[in-house]
Undergrad: 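Quick one: structure below, then a few questions.
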Amino acid sequence: MIDLRLVREDPEKVRAALLKRGADIDLNMLLHLDQQRRETLTEVEGMKARRNQVSAQISGLRAENRSTDTLIEEMKEVSSRIKTLDSLVVDIETQIAAFMDELPNIPDEDVPPGGKENNEIIRTWWHKPDFNYQILEHVELAEKLGLIDYERGVKLGGANFWLYKGEGALIEWGLLNYFIDSHLQDGYEFILPPHILRYACGYAAGQFPKFADDVFHISQKDSRQEGQFLLPTAETALINLHQDEILEESELPKKYFAFTPCYRKEVGSYRATERGTMRGHQFNKVEMFQFTTPENSDGAHLELLEKAEKLVQGLGLHYQVTKLAAQDMSGAMAKTYDVEIWIPSLGRYTEVSSVSNARDYQARRGKIRFRRSENRKIEFVHTLNASGLATSRLIVGLIEQNQQSDGSLVIPEVLRRWVGKDRIYPKTNT
RNA sequence: GGAGGGAUGGCCGAGCGGCCUAAGGCGCCUGUCUUGAAAACAGGUAUGGAGCAAUCCAUCGUGGGUUCGAAUCCCACUCCCUCCGCCA
């Protein structure tokens with residue numbers, strides 16, 4: 001949620017910022033509603049003040065046994081008028097909320113306008129692996145090495161599911177542990193949250209109402225607003241840790257990370273370009289999260305990016321960092337960097353971490369505030385999140401970049417203590 | 001799944017339909033006293049909104065209702081606790 005005051009004070013600036021996201025939004029209706037709301041409030045509050053006053057008067061007159069009939073008659077009318085105006089205010093506020101709920105965040109100044117094609121490559125780490133033999137792509141490799149069983153995954157869960165087995169499961173488990181160790185070392189607090197969340201969690205994260213259809217709802221209740229759903233990312237849980245709380249400035253920044261599977265509907269077909277574990281209904285991810293003061297969120301953003309990169313570097317994989325253009329970012333975010341690893345078989349990079357600063361957009365929706373030590377004033381916190389990391393795409397890059405000419409796979413140094421070996425050879429039977 | 005109890009400010013806890021503008025306590029902040037601290041005493045300590053401001057309005061789990069007037073009465077819902085049953 002952006003600040004309504006910002007719209008009120010400088011609608012052109014807001015409109016221009018949202019234009020970067022490709023949405024030309026007419027704010028006049030909103031401004032009109034806002035105006036109307038304040039006018040109505042002024043009127044109805046005056047009447048309420050009068051009513052409160054007269055109520056006290058009536059009790060005084062009663063005590064003296066004097067007549068209150070005319071006052072009561074007057075108040076009957078005032079009360080009924082208040083009722084009408086109150087419901088008018090509710091109606092206006094519902095309309096304002098519906099509008100504001102849909103407005104995406106304002107992109108930062110330095111975020112390029114437009115879509116994907118305007119994403120900026122910030123830097124590239126290491127170089128593309130040089131294969132002087134015919135390489136295999138990840139689906140075939142994973143099957144030959146006996147790491148992932150796509151067919152049996154589908155047998156269990158249906159389309160767009162897979163399962164890790166044997167050494168594949170060990171690699172997966174090793175990756176998660178490698179991430180967890182790294183975050184613990186950096187002083188982040190480990191959270192294992194519920195995987196089933198309430199509607200309000202999705203709202204605060206900025207995923208609802210717009211993307212309510214993209215998650216798995218588990219409740220039988222008709223009203224989506226009371227139902228529960230499977231989390232699409234641990235971010236949805238972590239943002240709500242401090243929902244409706246007022247933190248002390250001295251507690252900030254709060255640094256968390258969580259491990260959860262992520263459950264997503266992923267409606268639409270991507271199969272042609274995204275085979276194997278590139279996109280599924282369930283994948284594992286470790287998520288980092290920070291609550292900071294506004295002045296410290298840029299620093300935190302860079303810290304998170306650095307942490308995500310460090311993880312990929314530790315695995316020795318070639319990657320690039322891009323700054324997303326406005327239209328390519330999630331609606332809740334003001335600025336996002338993607339860490340993208342090189343997928344040799346596709347000849348392109350794919351996202352393994354999205355590192356985002358939501359500024360106060362999510363905090364407003366979740367009412368997450370803090371109190372300044374200096375003057376006790378209350379402000380919204382800034383929230384930031386970053387994958388650290390998602391395994392399902394990382395593993396694609398990992399097995400493709402580390403494949404050898406004999407069809408074997410070299411296990412990155414940092415994973416060997418979990419996998420128990422430094423190299424995996426193709427299985428004769430799968 | 002069954003039965004019962006509860007939800008009030010940062011926390012505990014009182015609260016006859018009308019000085020509730022929410023008692024009292026704890027905690028916290030400030031001041032007096034003190035070399036300093038403790039103690040004692042005095043004062044202050046919620047959130048959101050409207051307004052240039054004075055000030056006003058709203059909020060006692062949530063939503064509705066009764067009433068001139070609701071923390072208080074009525075209805076529905078949500079959440080929490082206790083006990084019983086069932087079960088990983």
Side-chain angles (χ1 to χ4, degrees), chain A residues 1-9 30-101 192 194-204 217-229 240-252 254 360 363-381:
Chain A
M1 176 108 50
I2 65 174
D3 190 352
L4 181 55
R5 229 161 295 188
L6 204 62
V7 182
R8 192 186 296 158
E9 279 159 17
L30 182 63
L31 289 170
H32 174 71
L33 284 169
D34 177 50
Q35 179 75 27
Q36 208 187 344
R37 170 177 172 271
R38 286 183 293 154
E39 279 168 9
T40 313
L41 268 184
T42 305
E43 187 183 353
V44 73
E45 283 182 1
M47 296 179 96
K48 283 179 179 175
R50 166 85 180 136
R51 183 179 68 183
N52 290 343
Q53 222 177 348
V54 172
S55 286
Q57 222 176 324
I58 287 174
S59 95
L61 291 172
R62 280 267 172 90
E64 295 168 32
N65 263 325
R66 289 164 58 188
S67 166
T68 56
D69 294 355
T70 45
L71 283 176
I72 287 179
E73 275 313 305
E74 185 201 336
M75 283 307 104
K76 274 189 180 170
E77 265 176 59
V78 170
S79 276
S80 114
R81 178 73 182 144
I82 287 174
K83 210 169 195 173
T84 310
L85 290 178
D86 263 346
S87 70
L88 178 60
V89 170
V90 168
D91 185 56
I92 293 169
E93 287 181 344
T94 305
Q95 289 184 61
I96 291 175
F99 195 97
M100 294 298 289
D101 282 353
L192 289 171
H195 296 183
I196 292 171
L197 301 175
R198 312 208 286 185
Y199 183 91
C201 295
Y203 174 80
H217 293 269
I218 63 155
S219 179
Q220 308 80 345
K221 282 179 187 156
D222 292 344
S223 167
R224 276 267 171 91
Q225 307 231 346
E226 285 166 30
Q228 294 162 302
F229 62 97
N240 285 285
L241 240 37
H242 297 296
Q243 194 237 92
D244 208 16
E245 290 182 22
I246 299 173
L247 304 166
E248 286 297 326
E249 183 179 0
S250 56
E251 300 176 75
L252 301 175
K254 282 197 169 282
D360 65 1
R364 277 178 195 284
R365 294 170 84 101
K367 296 188 176 59
I368 308 165
R369 295 160 292 173
F370 75 101
R371 200 187 300 273
R372 288 274 180 204
S373 310
E374 200 187 342
N375 55 15
R376 311 306 289 159
K377 284 266 169 34
I378 291 167
E379 291 177 44
F380 287 103
V381 299

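Reminder, nothing fancy here: chain letters follow the sequence lines and each chain counts from 1. Only heavy atoms go into these numbers, but all of them, side chains included; no hydrogens, no water, no symmetry mates.
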Undergrad: Name the pairing partner of C16(B), where a pair is Watson-Crick or G-U wobble with both distances under 3.5 Å, or state none.
TA: none
Undergrad: Mind running side chain to side chain contact (heavy atoms under 4.5 Å, CB included) on M75(A) and R50(A) for me, showing each step along the way?
TA: CA-CA 9 Å; M75(A) 283 307 104; R50(A) 166 85 180 136; 4.2 Å; yes
Undergrad: Checking base pairs now: Watson-Crick or wobble, both atom distances under 3.5 Å. What partners G1(B)?
TA: C84(B)
Undergrad: Of the listed nucleotides (C57(B), C68(B), G51(B)), which one gets closest to any side-chain atom of R38(A)?
TA: G51(B)
Undergrad: According to the Watson-Crick and G-U wobble definitions, with both distances under 3.5 Å, which nucleotide is paired to C52(B)?
TA: none
Undergrad: Phosphate oxygens OP1/OP2 of G69(B): is one of them under 4.0 Å from a side-chain N or O of S79(A)?
TA: yes
Undergrad: Taking only the P atom of each, what is the distance from C80(B) to G25(B) in whole angstrom?
TA: 33 Å
Undergrad: If you draw a 6.0 Å radius around CD in E77(A), do more than 12 non-hydrogen atoms from other residues or ligands fall strictly inside?
TA: no
Undergrad: Here's a test for you: under side-chain contact (heavy atoms from CB on, under 4.5 Å), which of Q35(A), R8(A), Q95(A), M100(A) qualifies with L30(A)?
TA: M100(A)
Undergrad: Roughly how many Å is it from CD1 in I72(A) to P in G18(B), rounded to a whole number?
TA: 15 Å
Undergrad: Taking atom P of C57(B) as reference, at what distance in whole Å does atom CG of N52(A) sit?
TA: 5 Å
Undergrad: Write down the distance separating the C1' atoms in A39(B) and A50(B), rounded off to the nearest Å.
TA: 46 Å
Undergrad: Could you state the CG-C1' distance from D244(A) to G61(B), rounded to the nearest angstrom?
TA: 12 Å
Undergrad: Has the side chain of R372(A) got a donor or acceptor atom that lies under 3.5 Å from a matching backbone atom of K377(A)?
TA: no
Undergrad: Is there a side-chain contact between R371(A) and the phosphate of U45(B), meaning an N or O under 4.0 Å from OP1 or OP2?
TA: no
Undergrad: Which heavy atom of E248(A) sits nearest to which heavy atom of R371(A), and what is that distance?
TA: OE2-NE, 3.8 Å
Undergrad: From NZ of K377(A) over to C1' of A46(B), roughly how many Å is that when rounded to an integer?
TA: 16 Å
Undergrad: Nearest to the side chain of K48(A) - A58(B), G18(B), G49(B)?
TA: A58(B)
Undergrad: A50(B) C1' sits how many Å from L85(A) CG, rounded?
TA: 14 Å
Undergrad: Rounded to whole angstroms, how far apart are CG on L71(A) and C1' on G69(B)?
TA: 12 Å
Undergrad: Looking only at the side chain of R198(A) (C-beta and beyond, no hydrogens), which of the listed nucleotides G49(B), C79(B), G69(B) gets closest?
TA: C79(B)
Undergrad: Could you tell me whether the phosphate oxygens of U66(B), OP1 or OP2, come under 4.0 Å of any side-chain nitrogen or oxygen in K83(A)?
TA: yes
Undergrad: Without decimals, in angstroms, what is the distance between I92(A) CD1 and G49(B) C1'?
TA: 14 Å
Undergrad: With a non-hydrogen cut-off below 4.0 angstrom, is R5(A) in contact with a base, only sugar-phosphate, or nothing?
TA: sugar-phosphate
Undergrad: To check you understand the geometry: which heavy-atom pair defines the closest contact between L31(A) and V7(A), and what is its length?
TA: CD2-O, 3.7 Å
Undergrad: So which atom in S373(A) and which in S250(A) form the shortest heavy-atom distance, rounded to 0.1 Å?
TA: OG-N, 4.2 Å
Undergrad: If the P atom of C73(B) is compared with that of G17(B), how far apart are they to the nearest Å?
TA: 7 Å
Undergrad: Quick check on A50(B): is either OP1 or OP2 less than 4.0 Å from any side-chain nitrogen or oxygen of R8(A)?
TA: yes
Undergrad: For U30(B), what is the paired nucleotide under Watson-Crick or G-U wobble rules, both distances under 3.5 Å?
TA: A42(B)
Undergrad: Sticking with atom C1', work out how far A42(B) lies from U47(B), rounded to a whole angstrom.
TA: 28 Å
Undergrad: Would you indicate which nucleotide in U47(B), A58(B), G69(B) comes nearest to any side-chain atom of R369(A)?
TA: U47(B)
Undergrad: Could you let me know what C77(B) is paired to, Watson-Crick or G-U wobble, both distances under 3.5 Å, or none if it's on its own?
TA: G61(B)
Undergrad: Which whole number of Å gives the distance between the P atom of G5(B) and that of C56(B)?
TA: 42 Å
Undergrad: Relative to the 5' end of RNA chain B, which residue comes earlier, M75(A) or L41(A), by the nucleotide with the nearest heavy atom?
TA: L41(A)
Undergrad: If you pin A49(A) and V90(A) to their nearest nucleotides in RNA chain B, which one's is more 5'?
TA: A49(A)
Undergrad: Provide the distance between the two C1' atoms, one in G2(B) and one in G85(B), to the nearest whole Å.
TA: 7 Å
Undergrad: Grab the NZ-C1' distance between K367(A) and A46(B) for me, whole Å please.
TA: 16 Å
Undergrad: Nearest to the side chain of E45(A), which nucleotide is it out of A58(B), A50(B), G65(B)?
TA: A50(B)
Undergrad: Which value, in whole Å, describes the distance between the C1' atoms of nucleotides G27(B) and A46(B)?
TA: 14 Å
Undergrad: When you compare U8(B) with G15(B), how far apart are their C1' atoms, in angstrom units rounded to a whole number?
TA: 9 Å
Undergrad: Which one, C68(B), G48(B), G49(B), comes nearest to the side chain of I378(A)?
TA: G48(B)
Undergrad: I need the minimum non-hydrogen distance between K367(A) and F380(A), along with the two atoms involved.
TA: CA-CE2, 4.3 Å
